[in-house]
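Every chain is numbered from 1 and lettered A, B, ... according to where its sequence line falls, protein lines coming before strand lines. Small disclaimer: the values here were computed from a predicted structure and weren't measured.
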Amino acid sequence: MSKIVTDTFEYKSAGETVDATYLVHGTAKAWGQVTISGGTSTQNDSVNCSSITDDGAGQYKFSFSNNIVNSSFGYNCMNGTSSNHARLQISPNVAFFSVGTLNDTHTLSDDAEVSGQVWGNLA
Amino acid sequence: MTQLITRDEALMLKLWQRELALKERALKPVDPQYCIVWEDPEELDAAIRVTTPSPQWLAMAIHGNVLPPVSIYPLPVDSKGAVLPGHKLHDDVIPAMTEKQAMEYLLQKDVPRSVWEGTNTNRRRFVICKRSMVPVDRFYRNAWSLAA
């Protein structure tokens, strides 16, 4: 595997630059997309996710393949149905993050699709 | 299975680099046949949990030369939960596993130790089963429990 060592990237046409640190620290370190149908959740595609745990109605836990170095990571989670909304369920952990989906009455309930992304530093 | 990464190459890469290398080399994801159904002894009133491997992770486990020995988990952490230097996440890789072996690995990695190592009870806390054995109707999802 080859390696590029640099401090700055420059877009040739526009001359715009971005520091390499933005790419290193600003790239998502894990993501996963899950569909919930029938008995078990199905992770359709992912990076750095070893498993999905169905913790109950509307509660899903994504475990990392490669741990995040600390729990101070950024995250984003989304669901597939407009009437529901997704949120981070519990405190993030270096080994996993949890997502909950709520219905209109703010009760945890299943959604057809959930996805989550994490930005942070890898162990 | 075609060998997409050798042990020697893998040992020069970190775990996350191995995953990305295999994704780039078009490692075909493996649709999991099995899941782990478990209950948490710390939360007996909570719904039963169902852990299913990600197809990408399962493909890496079956390929071999990617995952570290399961004995390195959990990684050492400080009082704030941050991973301490000196962990062995990237230091070694294990050979190819069968899907059943991969499920046993996942049990020890992603399911709390108190579930699979409990010695205070003779009650079964987990089952590794075919995904098709899990109920399809989720209407009473939070009432699912392990059969005695």
With chain A, the option among B:M133, B:Q56, B:R131 that has the most non-hydrogen atom pairs under 4.5 Å is B:R131

Q. Given A:Y22 and A:F9, is the ring-ring contact (aromatic ring centres under 6.0 Å, His included) satisfied, shown in steps?
A. CA-CA 10 Å; A:Y22 272 95; A:F9 291 91; over 10 Å; no

Exercise for review: For the residue pair B:W38 and B:T51, confirm or rule out a side-chain donor-acceptor distance under 3.5 Å.
Suggested key: yes

Output for pair (B:R7 CZ, B:M12 CE), nearest 0.5 Å, gives 12.5 Å

So, the part of A:S72 with a heavy atom under 4.5 Å from chain B: the answer is neither

d(B:H90 NE2, B:L13 CG) to nearest 0.5 Å is 11.0 Å

**Message:** Regarding A:Q33 and A:E113, do their side chains bring together a donor and an acceptor under 3.5 Å, going by distance alone?
**Reply:** yes

Bottom line for A:A95: the part with an atom under 4.5 Å from chain B's heavy atoms is neither

Worksheet item: Should B:R138 and A:D54 count as an ion pair when the cut-off is N to O under 4.0 Å?
Response: yes

So, the part of B:R141 with a heavy atom under 4.5 Å from chain A: the answer is side chain

When the 4.5 angstrom heavy-atom criterion is applied to A:F62 and chain B, the contacting part is neither

Output for pair (B:I36 CD1, B:T52 OG1), nearest 0.5 Å, gives 8.5 Å

The interface call for B:L89 against chain A, heavy-atom contacts under 4.5 Å, is side chain

Looking only at side-chain N and O atoms, does A:D110 offer a donor or acceptor that is under 3.5 Å from a partner on A:Y60? yes

Any ion pair linking B:R18 and B:E9 (charged N to carboxylate O, less than 4.0 Å)?
no

Whatever's closer than 4.5 Å to a heavy atom in chain A on B:V37 counts as neither

Heaviest contributor of heavy-atom pairs below 4.5 Å to chain B, chosen from A:L122, A:N44, A:N70, is A:L122

If you tally heavy-atom pairs under 4.5 Å between each of A:C49, A:S50, A:S46, A:S63 and chain B, the highest tally belongs to A:S50

Discussion item. Would you say A:T107 and A:T105 are linked by a side-chain donor-acceptor pair, where the criterion is simply a distance under 3.5 Å?
Written reply: yes

*asked:* Quick one, B:D92 and B:P69 - any side-chain contact, counting heavy atoms below 4.5 Å?
replied: yes

Bottom line for A:I68: the part with an atom under 4.5 Å from chain B's heavy atoms is backbone

Would you please say whether a donor-acceptor pair under 3.5 Å links the side chains of B:R125 and B:S114? no

Turns out that what part of B:I48 lies under 4.5 Å from chain A's heavy atoms comes down to backbone

The interface call for B:P53 against chain A, heavy-atom contacts under 4.5 Å, is both

Among residues 94-112 of chain B, those lying within the under-4.5 Å heavy-atom range of chain A are B:L106, B:K109, B:D110

